[in-house]
Amino acid sequence: MRILLVEDEKKVSSFIKKGLAEEGYAVDLASDGQTGLEMGLDGVHDLIILDINLPGKDGLTVLRELRKKKVTTPVLLLTVRTAIEEKVIGLDTGADDYLTKPFAFQELLARVRALLRRQTDAEAPLLKIADLTLDPARRLVFRGEEKIELTTKEFALLDYFMRNPDRVLTRTMIADHVWDYDFDPMTNVIDVYVNYLRKKIESGRESKLIHTVRGVGYVLKVE
Ligand code: CA
């Protein structure tokens with residue numbers, strides 16, 4: 001899951017980015033409205049966290065322009081305590097939820113999960129291939145009856161594979177969906193994580209699920 005954070009206050013943005021990264025989300029940061037709009041128009045994010053008070057283009061203008069250009073990515077607005085009117089305008093403009101500053105990180109995380117769940121629930125409640133099951137809402141993975149413990153990054157990687165079965169995923173595609181803009185897909189980090197994941201989901205089993213496509217990337221499939 002990849003999140004775009006548009007926030008100009010460095011203290012707030014680094015606090016949010018660090019917390020979300022620890023939960024396994026890839027986070028891209030924009031520190032002004034124009035940059036946020038351009039990154040939001042890419043359409044690669046699963047969620048946008050958008051501050052209203054931004055230099056240059058304010059958050060509501062960014063939201064309006066995103067919706068005008070048919071970007072349907074869920075948006076969580078960050079507002080300040082007194083601005084009740086902003087919240088109403090924000091929801092009218094097409095925000096999916098809002099959070100009032102200052103907030104506890106756990107509250108932000110709950111909102112983020114709820115918004116992402118709303119999306120995934122509608123599309124695919126449980127992801128399955130062979131006897132491997134991934135429950136996106138409860139963040140659980142099973143092979144048969146056996147529960148498999150994954151780190152947040154391994155989970156994000158498997159989630160992406162399971163949403164694209166039988167499709168060859170290049171390192172660039174994987175980097176785009178599971179890591180953020182600062183990530184260099186030329187390093188071997190992706191291969192290292194794929195191997196961690198393989199060990200956990202394939203250990204002691206005869207049937208392999210993640211196959212290497214030499215020189216290209218990986219594919220999740222049943223042979
Ligand atoms: Ca601000």
Side-chain angles (χ1 to χ4, degrees), residues 1-121 136-137 139 152-153 155-156 159-160 175-184:
M1 291 287 179
R2 186 164 167 182
I3 297 173
L4 171 61
L5 171 63
V6 191
E7 166 65 84
D8 59 312
E9 288 161 72
K10 283 219 165 58
K11 249 173 89 176
V12 180
S13 64
S14 61
F15 154 78
I16 296 176
K17 182 170 175 163
K18 186 168 167 280
L20 289 176
E22 283 169 5
E23 294 294 320
Y25 297 104
V27 183
D28 295 312
L29 179 65
S31 50
D32 66 81
Q34 185 59 37
T35 311
L37 175 62
E38 283 162 17
M39 289 166 82
L41 287 173
D42 284 350
V44 299
H45 299 97
D46 301 290
L47 174 74
I48 300 173
I49 301 173
L50 181 61
D51 185 32
I52 287 191
N53 296 310
L54 292 168
K57 213 162 247 181
D58 69 85
L60 289 176
T61 307
V62 171
L63 176 59
R64 207 169 284 128
E65 292 186 21
L66 284 172
R67 292 299 184 240
K68 216 170 97 186
K69 297 232 163 94
K70 309 286 180 224
V71 174
T72 56
T73 313
V75 169
L76 172 63
L77 279 180
L78 302 181
T79 71
V80 284
R81 193 177 292 278
T82 51
I84 291 168
E85 209 175 299
E86 278 183 351
K87 293 172 194 164
V88 176
I89 296 169
L91 293 172
D92 282 349
T93 308
D96 298 84
D97 199 0
Y98 61 82
L99 190 57
T100 307
K101 288 179 180 177
F103 50 82
F105 180 74
Q106 287 310 317
E107 196 184 349
L108 174 83
L109 189 58
R111 303 292 178 102
V112 164
R113 284 189 177 145
L115 286 172
L116 292 172
R117 192 152 55 222
R118 217 189 276 174
Q119 265 196 317
T120 50
D121 275 357
R139 302 184 70 79
T152 46
K153 211 67 188 170
F155 183 90
D159 180 88
Y160 181 51
D176 278 353
H177 284 85
V178 184
W179 276 271
D180 58 36
Y181 278 122
D182 299 330
F183 181 77
D184 177 4

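Whatever order the structure lists ligands and atoms in, that order sets their numbers, starting from 1. Fair warning: this is a prediction, and the values are worked out from it, not measured in the lab.
- Salt bridge annotation for Glu23-Arg139: absent, with no cationic side-chain nitrogen under 4.0 angstrom from a carboxylate oxygen.
- Inter-residue side-chain proximity for Leu66 and Ile48 is flagged as met; some heavy-atom pair is nearer than 4.5 Å.
- Thr61 pairs by the side-chain hydrogen bond (donor to acceptor under 3.5 Å, both in side chains) definition with Asp58, not counting sequence neighbours.
- Applying the ring-ring contact (aromatic ring centres under 6.0 Å, His included) test to Tyr160 and every residue at least two apart in sequence or in another chain returns His177.
- For the Ca ion (ligand 1), the tally of protein N/O/S atoms lying closer than 3.0 Å stands at 3.
- The existence of a salt bridge linking Arg67 and Asp96 is confirmed by a sub-4.0 Å separation between a basic side-chain nitrogen and an acidic carboxylate oxygen.
- Every residue meeting the salt bridge (charged side-chain N to carboxylate O under 4.0 Å, His left out) condition with Lys18, not counting sequence neighbours, appears here in chain and number order: Glu22.
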